[in-house]
Amino acid sequence: MQSKMKESDPILEVENLSASTDNLPILKGVSITVYPGEIHAIMGRNGCGKSTLSKIIAGHPSYNITNGDIKFLGENINSLEPEERAQSGIFLGFQYPIEIPGVSNLEFLRVSTNARRKFLNKEELDTFDFEELVKEKLELVKMDNAFLSRSVNQGFSGGEKKRNEILQMALLEPKIAILDETDSGLDIDALRIVASGIKKIANTQTGIILITHYQRLLDEIKPNYVHVMSDGKIIKTGGSDLALELEKKGYEWTDNYIKQS
Amino acid sequence: MEIIEKIKTNKSIVNQTEIQRFCIKKLQSSPLPNPKSELWRLTNKSKFSKFLDYSVNKKEPKFDTPYPKTSQNTIRLIIGENCQIKLIEKKYSIQQLSEDELFNHIKEQISFCDQNENWSDLLNLSLSCTKNILGLKINGSKIPPIEIFSHASINSLNAKTLVIFLEKNCDIDLLQVNLGKENSSLSQSTFFFLKENSSVNHGVVSYGEHKSNLLNSLNVIQQKNSEYNLGSLHFKFNYARFEIRIKQTSGNAKTNIKGMQITKKDEQISTYTKIDFNGPNGFLDQINKSLADDKSHAIFEGSIKVPKIAQKTDACQLSRNLLLSKFAQIDTKPQLEIIADDVKCKHGATISQLNEEELFYMRTRGITLPEASKLQLSSYFQEIISFIPVSKDRWDLLDKLLNDN
């Protein structure tokens, strides 16, 4: 799925998406379009469907799309496997990054990076070349070399896990990154490191979706659009002021908003 | 079952050694194990019967070891071929046990043998001729790593026996490799005697070919302050059974065991372990892993005995199992029998499948499902493989396992 699109074409189009798991509807008609260079924030109460949306875009096999389409670079990806989506440039930063005991972080990062490079028709990197590349990227998230020799995320603190996610994002150079509560569990310093890493990776060709509960991440990374989700739907879209309004009024305001509309 | 008939009638096994006569006598009245007993009830009867279907091969073709001996420092021995060894160096010595010494050690081991519990050893010693018994007395330190091969020949049953006698303060790394050939049965019995303050890192790697069978029995006697570390791996056998019996004769000894069996197709591989603490302050750390795919069957039965005399014993036995197919079967039973009242003992068992969330995480990084499964399996295997001595550098065990799975 190499891009033949113009710069002004959207990277990601989610159109009236409904999805369920175990016959339980979770998403009930979500639409969102991301253009190159845009940063979108999705906010909402726990259980409103934010994380599910991110997993469905990434291709989680536990969810069924019951209606609607996900288009990436103009092509429908509803039936693509998660690895095909990742190789073509969709990145999901996990809210709770998974620990994989016994699998070395360095080898994991190298295999992932090479899968993406292969898709981009770039030369795959051997261990030595990859170590050079990864050292350069470690700087972005202020991580120590020692993280590479450990098992993937095993024994990492919450902040270290999130930084490891951003390191992966830096290595994979995605077209779109969906970062699911990347700010949760971070102290102020770690939040700044993570935010600064994201800003350095983001460019005019990429799109970013930040899923968050709090304004503090949006103070560091200013979104172009803020979407408020409730009960599997986007109920309101606005500019960065919407996040401030939400912070001030709380989620009860969304309940009233639904009643009124 | 021609062999059983021979044992029953004691007619066709010619030129019997004293050990053979002794064992045949023990088996004569009841030449097969009791299929209803706890130790044999899960055995696949037809596979077991096939194990005994081949005739004992007297003339074995010359054996080509699958890997060249790359290191001059490694001592390589093949049971049945080059059993003549006498190495006397400044810091160590490795010498063959005399026939008398062998007989005395083995007789001491089997005189109290139970026909059912020690059936595999009794069968082995009934069939193993002098040529196929390798007995070594090892002394000293800084001994080069030792590799010992046992192999079966096509269309035959071969019985090989290994006796290792470790003198006081001796420490060694020893890798035992049991190779099954197509349509073959290998009976391998090993007897280890660890004297005070001796230590061994023992690896047992057994793998077969199409329709090969294995009966592998390991008996270890540990004197005080000895340390026995075992890393074992069994795969690619139509039928294989690994029996481990360890006795800490007067406690105050350490035993570490990390074992794994991998079954595919309709294979059956089982591991039975019995650990006896016969004195205080004994230590055991054991993990057994099984991985069963297709329609195969993996079995683990562990038994730890802690009598009253074995106060302050610290023992742990874990069974970790991975089922890769809904048609595969795993039976596991770690057991503790504790009489002593001041001990620290635990046991446990888990059976699981490949972790779906780990797989999804890897796939979101562009790693395909087969690659992600391989990465997960390699981490599962690595804990055991890294514990097998000598093999690390040049046996490519991980590659063998991943390419077979």
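Remember, it's a predicted structure, so these values are computed and weren't measured experimentally. In what follows, chains carry the letters A, B, and so on, assigned in the order in which the sequence lines appear, proteins first and then strands, with residues in each chain numbered from 1.
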Look at atom NZ of B/K254 and say whether more than 12 heavy atoms of other residues, nucleotides or ligands are closer to it than 6.0 Å. no
For residues 93-113 of chain A against chain B, heavy atoms under 4.5 Å, the residues are A/G93, A/F94, A/P97, A/I98, A/E99, A/I100, A/P101, A/G102, A/V103, A/F108, A/V111, A/S112
Given the options A/E165, A/R85, A/R116, which has more heavy-atom pairs under 4.5 Å with chain B than any of the others? A/E165
Just wondering, are more than 12 heavy atoms of other shown residues or ligands nearer than 6.0 Å to CG in A/D22? no
Counting only heavy atoms not in A/N23, do more than 12 sit closer than 6.0 Å to its CG atom? no
Counting heavy-atom pairs under 4.5 Å with chain A, which one of B/E383, B/E356, B/E358 comes out on top? B/E358
Would one find more than 12 heavy atoms of other residues, nucleotides or ligands at under 6.0 Å from atom CD of A/E139? no
Heavy-atom distances under 4.5 Å only: say whether B/T364 touches chain A with side chain, backbone, both or neither. both
Checking B/R365 side chain against A/L92 main chain: does a donor-acceptor pair fall under 3.5 Å? yes
Nearest heavy-atom approach of A/G59 to B/F360 is C-CE1, 3.8 Å
Step by step, would you call B/T368 with A/Q87 a side-chain contact (heavy atoms from CB on, under 4.5 Å)? CA-CA 10 Å; B/T368 61; A/Q87 288 163 8; 4.2 Å; yes
B/Q382 versus chain A, the contacting section by heavy-atom distance below 4.5 Å: neither
Do other residues, nucleotides or ligands put more than 12 heavy atoms under 6.0 Å from the NZ atom of B/K295? no
Check whether B/L359 gets within reach of chain A through its side chain, its backbone, both or neither, counting any heavy atom under 4.5 Å. neither
Check B/G366 against A/A86 and note the closest heavy-atom contact, atom names and distance. N-CB, 3.3 Å
Taking 4.0 angstrom as the limit, do A/E84 and B/R363 come out as a salt bridge? no
Quick check on B/Q353: does its CD atom have over 12 non-hydrogen neighbours (other residues, nucleotides or ligands) under 6.0 Å away? no
